[in-house]
Undergrad: 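Take this structure first; my questions come after.
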Amino acid sequence: MGTPNLLGPASGRVPDVERIAVLRANALGDFIFVLPALEALRAAYPEAEIVLLGAPWHAKFWRDRPGPVDRVLVVPPAPGIRGPDPGEPESTLDDFLAAARGERFDLALQLHGGGANSNPFVAALGARVTAGLRAEDAPPLDRWIRYVYYQQEVIRYLEVAGLVGAGATTIVPALAVTDADRAEAAEVLGPAERPRVALHPGATDTRRRWPAERFAEVARELVGDGYEVLVTGTPAEQDVVDRVVAAAGVPVRPQVGTLSLGGLAGCYAGCELVVSNDTGPLHLAAAVGTATVGIFWVGNLITVANLLRGRHRPISSWTVLCPVCGVDCTPGIYPHRPGDGECPHRDSFVTDVPVVEVLEAARELLRPEPGAS
């Protein structure tokens with residue numbers, strides 16, 4: 001029998017499972033969305049080894065970290081699986097698959113996407129049973145569920161876990177913060193003299209970026225409320241962080257490239273609130289238990305916004321037409337509707353979110369009314 005499934009009936013458990021491969025080799029936020037599915041696998045197969053087929057950052061981040069991942073195998077760069085990291089040594093997919101078949105996986109799960117490239121990869125691992133998602137252009141695995149774009153990501157991957165009898169035990173991604181994470185954050189940031197709030201104004205996709213000047217206005221207001229404000233970013237986001245700092249006009253603390261991913265987890269765990277675009281650090285903050293205000297395009301609100309509202313406030317833009325050319329950007333998902341569905345512009349789709357909404361949500365979370373939780 002599998003563990004009880006909060007999402008409805010699951011398929012039967014696979015007997016005699018000693019080793020499970022899970023393909024999820026993409027970015028930080030993407031990985032956080034599969035944590036409940038990994039917890040479901042752990043509960044259903046408590047004696048099995050769970051091996052994440054991931055990227056180099058997964059191997060570094062999961063070293064000595066408690067959680068549902070026992071080991072990481074780094075997948076070489078391959079089309080539709082992952083791109084190469086700068087300076088990454090070359091390795092071939094054929095060599096990786098040959099070594100992976102030697103692992104003798106009992107289960108192999110594709111939690112990576114629609115499956116056009118990832119399903120053949122998972123099938124080539126040689127596992128006794130394969131399971132995963134399947135878009136229209138993807139070959140089937142032994143057990144599969146249709147990939148439908150507009151579905152909440154956490155639930156999507158829990159449904160895949162259910163295909164092998166791993167019923168959902170939680171719908172909330174949670175990530176352990178280690179002593180090393182907290183120590184690194186303390187060394188970099190020093191002791192907090194006031195309660196801390198972090199802003200993260202970057203995002204890889206510029207269409208998901210709220211204007212830097214509005215983050216600066218939020219920073220200015222929260223400093224006035226008595227908070228120490230950090231502005232976090234990756235080295236690639238230095239410019240947008242600099243713009244926030246310059247426009248704020250009050251003392252804020254930029255943190256660009258000063259913390260490892262673990263250190264960032266420790267940093268956010270010590271904050272009262274994180275205000276961010278829809279990007280990996282927002283989901284990291286929620287996973288370590290920090291309250292969040294997230295700024296979302298409506299499509300991403302459906303697929304990746306945190307499901308809870310006690311400590312999380314996703315605020316949506318309802319823009320679906322490109323702000324430059326006016327093209328409806330939904331027909332790529334709904335092909336029977338008029339419009340091109342694609343355009344070359346990458347201007348922000350979230351500029352219609354007003355500062356006042358973000359500030360109201362932030363202050364409500366920072367100063368909850370009596371009895372609120």
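This structure is a prediction, so every number in the text was calculated from the model and none was measured.
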Undergrad: Apply side chain to side chain contact (heavy atoms under 4.5 Å, CB included) to the pair Gln110 and Val160, showing each step before the final yes or no.
TA: CA-CA 8 Å; Gln110 189 274 97; Val160 175; over 6 Å; no
Undergrad: Please evaluate residues Asp106 and Asp16 with respect to the criterion side chain to side chain contact (heavy atoms under 4.5 Å, CB included), reporting the C-alpha separation (whole Å), side-chain torsions for both, the decisive distance (0.1 Å), and the verdict.
TA: CA-CA 8 Å; Asp106 299 292; Asp16 304 320; over 6 Å; no
Undergrad: Would you confirm whether Arg24, through its side chain, and Leu111, through its main-chain N or O, come within 3.5 Å as a donor-acceptor pair?
TA: yes
Undergrad: Determine whether Leu28 and Trp57 satisfy the following criterion, side chain to side chain contact (heavy atoms under 4.5 Å, CB included), listing intermediate values before the conclusion.
TA: CA-CA 9 Å; Leu28 172 61; Trp57 78 262; 3.9 Å; yes
Undergrad: Is there a donor-acceptor pair under 3.5 Å between the side chain of Arg101 and the backbone N or O of Ala124?
TA: yes
Undergrad: To check you understand the geometry: which heavy-atom pair defines the closest contact between Ser276 and Leu282, and what is its length?
TA: OG-CB, 3.6 Å
Undergrad: So, for Pro36 and Phe33, which heavy atoms are closest and what is the spacing to 0.1 Å?
TA: CD-O, 3.7 Å
Undergrad: Check whether any side-chain heavy atom of Leu261 sits under 4.5 Å from a side-chain heavy atom of Leu284, and report yes or no.
TA: yes
Undergrad: Do Ile32 and Val275 sit in the same hydrophobic cluster, where Ile, Leu, Val, Met, Phe, Trp and Tyr count as joined when their side-chain heavy atoms come under 4.5 Å apart?
TA: yes
Undergrad: Examine distances only and state if a side-chain atom of Arg253 and a backbone atom of Glu228 form a donor-acceptor pair shorter than 3.5 Å.
TA: no
Undergrad: Distance-only, no hydrogens or angles: does the Arg207 side chain make a donor-acceptor pair with backbone N or O of Cys322 under 3.5 Å?
TA: no
Undergrad: Which class fits the ring pair Phe31 and Trp62: parallel under 30°, tilted 30 to 60°, perpendicular over 60°?
TA: perpendicular
Undergrad: Strictly distance-based, threshold 3.5 Å: is any side-chain N or O of Ser317 a donor or acceptor partner for the main-chain N or O of Asp352?
TA: no
Undergrad: Can you find a heavy atom in the side chain of His112 that is under 4.5 Å from one in the side chain of Leu53?
TA: no
Undergrad: Under a 3.5 Å distance rule, please check whether Glu153 uses its side chain to pair with a backbone N or O of Val304 as donor and acceptor.
TA: no
Undergrad: Check this for me: Glu18, atom CD, are more than 12 non-hydrogen atoms of other residues, nucleotides or ligands nearer than 6.0 Å?
TA: no
Undergrad: Salt bridge check: are Arg214 and Glu217 linked by an N-O gap of less than 4.0 Å?
TA: no
Undergrad: When clusters are formed by joining ILVMFWY residues with side-chain heavy atoms under 4.5 Å apart, either directly or through shared neighbours, do Val320 and Ile295 land in the same one?
TA: yes
Undergrad: Give me the atom names and distance for the closest heavy-atom approach of Val240 to Pro201.
TA: CG2-O, 3.9 Å
Undergrad: Is there a donor-acceptor pair under 3.5 Å between the side chain of Thr290 and the backbone N or O of Tyr268?
TA: yes
Undergrad: Mark yes or no for whether Asp142, through its side chain, and Ala131, through its backbone, hold a donor-acceptor pair below 3.5 Å.
TA: no
Undergrad: Would you call the rings of Tyr149 and Tyr147 parallel, tilted or perpendicular if under 30° counts as parallel and over 60° as perpendicular?
TA: perpendicular
Undergrad: Checking side-chain contact (heavy atoms from CB on, under 4.5 Å) against Phe296, which of Val350, Leu301, Ile315, Asn277 comes through?
TA: Leu301
Undergrad: Considering only heavy atoms from C-beta outward, does the side chain of Val17 approach that of Val164 to under 4.5 Å?
TA: no
Undergrad: Side-chain contact, heavy-atom cut-off 4.5 Å: Tyr45 with Val14?
TA: yes
Undergrad: Same hydrophobic cluster for Leu109 and Ile81, using side-chain heavy-atom links shorter than 4.5 Å among ILVMFWY?
TA: no
Undergrad: In this structure, which one of Thr292, Asn306, Asp278 forms a side-chain hydrogen bond (donor to acceptor under 3.5 Å, both in side chains) with His283?
TA: Asp278
Undergrad: Tell me the ring-ring contact (aromatic ring centres under 6.0 Å, His included) pairs involving residues 185-204, sequence neighbours left out?
TA: none
Undergrad: When you look at CD of Glu88, are more than 12 heavy atoms from neighbouring residues, nucleotides or ligands closer to it than 6.0 Å?
TA: yes
Undergrad: Mind checking whether Arg309 and Pro314 have side chains closer than 4.5 Å, heavy atoms only?
TA: yes
Undergrad: Please report the closest heavy-atom contact between Pro68 and Glu39, naming both atoms and the distance.
TA: CD-OE2, 3.6 Å
Undergrad: Can you check whether Val148's main-chain N or O pairs, donor with acceptor, with Arg156's side chain at less than 3.5 Å?
TA: yes
Undergrad: Do Cys267 and Gln255 have side chains that approach each other closer than 4.5 Å (heavy atoms only, starting at C-beta)?
TA: no
Undergrad: Picking from Val69, Ile20, Asp70, what satisfies side-chain contact (heavy atoms from CB on, under 4.5 Å) with Glu49?
TA: Asp70
Undergrad: Does Val218 have any side chain to side chain contact (heavy atoms under 4.5 Å, CB included) partners at least two apart in sequence or in another chain, and if so, which?
TA: Leu199, Trp210, Leu222, Val355, Val358, Leu359
Undergrad: Do any N or O atoms from the side chain of Glu237 and from the backbone of Thr234 form a donor-acceptor pair under 3.5 angstrom?
TA: yes
Undergrad: Is Leu125 reachable from Leu107 through a run of hydrophobic residues whose side-chain heavy atoms are each under 4.5 Å from the next?
TA: no
Undergrad: Is there side-chain contact between Pro76 and Leu93, with at least one heavy-atom pair below 4.5 Å?
TA: yes
Undergrad: Do Val356 and Val229 belong to the same hydrophobic cluster, where Ile, Leu, Val, Met, Phe, Trp and Tyr are linked whenever their side-chain heavy atoms lie under 4.5 Å apart, directly or via other members?
TA: no
Undergrad: Listing request: all salt bridge (charged side-chain N to carboxylate O under 4.0 Å, His left out) pairs with a residue in residues 311-320, at least two apart in sequence or in separate chains.
TA: Arg313-Glu364
Undergrad: Going by heavy atoms in the side chains, are Thr130 and Trp144 under 4.5 Å from each other?
TA: no
Undergrad: Report the C-alpha distance between Leu175 and Phe61 in whole Å, list the side-chain angles of each, state the deciding distance to 0.1 Å, and finish with yes or no for side chain to side chain contact (heavy atoms under 4.5 Å, CB included).
TA: CA-CA 11 Å; Leu175 194 64; Phe61 186 67; 3.6 Å; yes
Undergrad: Taking atom CZ of Arg194 as the centre, does the number of heavy atoms from other residues, nucleotides or ligands within less than 6.0 Å exceed 12?
TA: yes
